[in-house]
Number of protein chains: 2
Amino acid sequence: MRQHEIANDTIDLETRLTQDHHQSLKLWLRMLSTTVMIENEIRNRLRAEFDITLPRFDLMAQLERHPEGLRMGELSKRMMVTGGNITGITDQLEQEGLVMRVTDKQDRRAYSVKLTPAGRKAFKTMASVHESWVAELFSGLDAEQKSQMIGLLSSVKSDLSANFSASKHNEHE
Amino acid sequence: MRQHEIANDTIDLETRLTQDHHQSLKLWLRMLSTTVMIENEIRNRLRAEFDITLPRFDLMAQLERHPEGLRMGELSKRMMVTGGNITGITDQLEQEGLVMRVTDKQDRRAYSVKLTPAGRKAFKTMASVHESWVAELFSGLDAEQKSQMIGLLSSVKSDLSANFSASKHNEHE
DNA sequence: TATTGTTATACTCTATAACTATA
DNA sequence: TATAGTTATAGAGTATAACAATA
């Protein structure tokens, strides 16, 4: 132990940099594979139980949080996806009667997308089941560990938003 | 503080369950959006700098770790993707001269996929730059926080592998 | 002119299932 | 029969760019 600390004090900067790089990479690979596993599990369950895809579910989740409705451009930013895709997903959901486009009185180029009553009802059911799945998938952590992780992720994310917002459509949450 | 603890002791089980659900959901949403942001950033940089996609890069990364070569089925498991896709990605990389299929002497149905010398060289360059990007993107955490997070993710992941390996092609790492 | 949203297109990744050739 | 890998197909999601309507 002490040996290690002493070594740590005397190694040169380049070595420490390499170690940091390796640690970051390890963290990233673990984070990525864990996320993919959970995402796949949830995606499969959503399809099997509710015949819905993840982006469609996400769009509805955004609308649930904004009962006043969101414009297409808002949805695009929040879902980190370009505009054309939002049109497509919204089209599908509208066909199924789950969301509706409400024309904006002030700006006739724009729409507000809202959940229909049927959409709100359907989403409530799905969201509740979805939430219990997530709880199940994270049952490997206790409450303390979860809040720790939430804090760590927030640090990463705020650092990202501050420095790399240019890359795509961020401004998330 | 004390008030909070007392309250925590006396609230009923259902309430605590709901709180846990919300916390898990919050954790998952934060983890997902953070991962997506980093993934997008890396994907864009890989395309811009090296004209390579993430799956192609990942396949090469797998081979780099296994100089003796990997069979198509192995790659399929490790990349959490079905077999047909591995054929496609391998075809592309083979065309570009980055990997090669080596027929197995013992089992003439099977191949070992390996990096070519050119592939190994190209990957070394990319991997080193990639690693520094990752370090940059995680610079919001210090070494201590990173190792904390690695530990937390390991708990989640091992719990997942133990309970949900059926969902797709896991057995990762 | 700039902005909101749509359309058209093309590309990548993905899963499924039928297929071939070995084992 | 079972297994390793391929092929064919279809579907989802994505970005880009040209476009229409409105501001």
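Quick note on labels: first sequence line is chain A, next is B, and so on, each numbered from 1.
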**Request:** Answer yes or no: is there an ion pair linking B:Asp20 with A:Lys146, defined by an N-O contact shorter than 4.0 Å?
**Result:** yes
**Whole-Å gap separating C1' (C:dG5) and CD1 (A:Ile89)** = 15 Å
**Prompt:** Taking only N and O in the side chain of B:Arg108, is any of them less than 4.0 Å away from OP1 or OP2 of C:dA23?
**Reply:** yes
**Prompt:** Looking at A:Leu141 and B:Ser155, what are the two nearest heavy atoms and their distance?
**Reply:** CD2-CB, 3.7 Å
**Prompt:** Are A:Arg101 and A:Thr90 linked by a side-chain donor-acceptor pair shorter than 3.5 Å?
**Reply:** no
**Request:** Answer yes or no: does a side-chain N or O of A:Ser76 lie under 4.0 Å from OP1 or OP2 of C:dG5?
**Result:** no
**Message:** Please pick, from C:dT16, D:dT14, C:dC13, the nucleotide with the shortest atom-to-atom distance to any side-chain atom of B:Thr82.
**Reply:** C:dT16
**Request:** Provide, to the nearest angstrom, the distance between the CG atom belonging to B:Asp51 and the P atom belonging to D:dA15.
**Result:** 17 Å
**Message:** Take a 6.0 Å sphere around CD of A:Glu68 and say whether it holds more than 12 heavy atoms from other residues, nucleotides or ligands.
**Reply:** yes
I'd like a list of close polar pairs between nucleotides 4-8 of chain D and the protein, N/O only, cut-off under 3.5 Å.
residue, atom, partner, partner atom, Å
D:dG5, OP1, B:Met72, N, 3.3
D:dG5, OP1, B:Tyr111, N, 3.4
D:dG5, OP1, B:Tyr111, O, 3.4
D:dG5, OP2, B:Gly73, N, 2.9
D:dT6, OP1, B:Arg101, NE, 3.0
D:dT6, OP1, B:Arg101, NH2, 3.0
D:dT6, OP2, B:Thr87, OG1, 2.6

**Prompt:** Taking CG from A:Asn40 and C1' from C:dC13, how many angstroms apart are they, rounded to a whole number?
**Reply:** 12 Å
**Request:** Nearest whole angstrom, please: distance from the P of C:dA23 to the CD of B:Gln106.
**Result:** 11 Å
**Asked** Which whole-number value in Å describes the distance from B:Glu39 CD to D:dG13 P?
**Response** 15 Å
**Item:** Between C1' of C:dA15 and CG of A:Asn44, the distance in whole Å
**Value:** 10 Å
**Request:** Measure from CZ on B:Phe57 to C1' on C:dC13 and round the result to the nearest Å.
**Result:** 18 Å
**Message:** How about CZ on B:Phe123, more than 12 heavy atoms from neighbouring residues, nucleotides or ligands closer than 6.0 Å, or not?
**Reply:** yes
**Item:** Nucleotide C:dT4, atom C1' - distance to NZ of A:Lys77 in whole Å
**Value:** 12 Å
**Asked** Looking only at heavy atoms, which two atoms of B:Ser112 and B:Gly69 are closest? And how far apart?
**Response** OG-C, 4.4 Å
**Asked** Under the side chain to side chain donor-acceptor pair (under 3.5 Å) criterion, do B:Arg30 and A:Ser154 qualify, and how do the steps go?
**Response** CA-CA 7 Å; B:Arg30 190 145 311 183; A:Ser154 303; 2.4 Å; yes
